Amino acid sequence: MLDWYDAHARVLPWRAAPGLPPPDPYRVWLSEVMLQQTQVAAVIPYFETFTTRWPDFAALAAADDADVMSAWAGLGYYARARNLLAAARVVASAHGGRLPRDEAALRTLPGFGAYTAAAVAAIAFGQRAVVVDGNVERVVARLFALAEPLPGARAKLRYLADSITPDARPGDFAQAMMDLGATICTPRSPKCLLCPLANQCDARRAGTPDAYPVKAKKAARPVRHGTFFWLEREGAVLLVRRPPCGLLGGMRALPTGPWEAVPPGIDGAPVAADWTLRNATIRHVFTHFELHGTLATATLGRHIGAVEGEWWPIERLGEAGLPRLFAKAVEAMESVA
DNA sequence: GAGGCGTGGAC
DNA sequence: TGTCCAAGCCT
């Protein structure tokens, strides 16, 4: 694997060349968090933005929450951004501005699960750690033709990954396994002819590499319906800040009512007004449900009383840091208007 | 353990 | 215009 990595490692902004000293732990950590459930191509522009604007722990720890959340907008899984900031502040205040080198100590920081703690310990600090992500699970499941389905097989896969992890160059080994999974040992149509492990692979020998890993069936995704409220006043639209936890937590948003099995109409409108339901549908797929949204619009005069939220200039909505769902609603509004 | 938690790309 | 799923974490 290490020979293969030396010849075929992907060149990535957060990565040192194979065999060279490891890169800045801050950059390793930031990239690992951004890469959670997110593909490399989506991460690269965000990584460049973040490292330019906040080049180290001290800078990130001192950042405004709203700026970080806006910079993360569009990348998804916003709890990552909240945990990123929380971890940077712990590192700055309790660890002298440096990440702990020890996997167990890393594991206690916000947003550090089993994978990220192991990956940072191995890649940034050269410690032997068993790094198991979705790529490694797939490679190992095929290598050993493990018939037990995920997620139950996690512990066994981890044991098997441990059994092939070397003491030397653990960071390069981990990245080699992940590169192999991302480019050769892919979920569908793996390129076994190019694989350095082909001769040792049980699934390859059986002729059915894409049958692994075996997975349990997923539940169907329900559809929910909701209304986006577009409240306009003097060239501005009302935006709100979503509650700090839960779906799209902490993000700027258009006001919405409840999301239910049937269209809720103007229930949950931010103010009593002469709402018009528009003939425009916003479709957005989340991990565990699909949302079909409708627009409701209203315009206020200048003498309205206090309204919860901020009046955001319509021409500058692109700078509001809206999650994709609400950006879609804005696009739908532009097509209706 | 199982479910909540985004988004976009591949086919 | 459907399915799968990607360098997971948290409760």
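What you are looking at is a predicted structure, and each value in this text was computed from that prediction instead of being measured.
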Whole angstrom is fine here: how far is it from [atom1] in [X] over to [atom2] in [N]?
X      : N     : atom1 : atom2 : result
A/L84  : C/dC9 : CG    : C1'   : 13 Å
A/R138 : C/dC5 : CZ    : C1'   : 9 Å
A/K218 : C/dG2 : NZ    : P     : 17 Å
A/F112 : C/dG8 : CZ    : C1'   : 13 Å
A/R158 : C/dA7 : CZ    : P     : 18 Å
A/R107 : C/dC9 : CZ    : P     : 7 Å
A/E137 : C/dG8 : CD    : C1'   : 10 Å
A/M177 : C/dA7 : CE    : C1'   : 13 Å

Using a strict 4.0 Å threshold on nitrogen-to-oxygen distance, state whether [X] and [Y] make a salt bridge.
X      : Y      : answer
A/D162 : A/R128 : yes
A/E137 : A/R158 : no
A/E148 : A/K156 : yes

With a 4.0 Å cut-off on heavy atoms, is [X] in touch with a base, just the backbone sugar-phosphate, or nothing at all?
X      : result
A/S31  : nothing
A/A219 : nothing
A/R15  : base
A/A41  : nothing
A/W14  : base

Residues that A/R316 engages under side chain to side chain donor-acceptor pair (under 3.5 Å), provided they are two or more places apart: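 Checked A/R316 against side chain to side chain donor-acceptor pair (under 3.5 Å); matches are A/E319.
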Parallel, tilted or perpendicular: which fits the ring planes of A/F228 and A/W259, with parallel below 30° and perpendicular above 60°?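 Ring orientation of A/F228 relative to A/W259: tilted.
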Looking only at atom [atom1], what distance separates [N] and [M], rounded to whole Å?
N     : M      : atom1 : answer
B/dC5 : C/dA6  : C1'   : 14 Å
B/dG6 : C/dT11 : P     : 14 Å
B/dA2 : C/dA7  : C1'   : 22 Å

Restricting to pairs with a member in residues 18-32 of chain A, which pass salt bridge (charged side-chain N to carboxylate O under 4.0 Å, His left out), not counting sequence neighbours?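 Non-adjacent pairs meeting salt bridge (charged side-chain N to carboxylate O under 4.0 Å, His left out): zero.
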Base contacts versus sugar-phosphate-only contacts with protein, heavy atoms under 4.0 Å: please encode nucleotides 2-11 of chain B as B, S and - from 5' to 3'. --SBBBSSB-
For the residue pair A/R142 and A/Y212, would you count it as a cation-pi contact if the rule is NZ or CZ under 6.0 angstrom from the ring centre and within 45 degrees of the ring axis?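 Pair A/R142/A/Y212 does not count as cation-pi.
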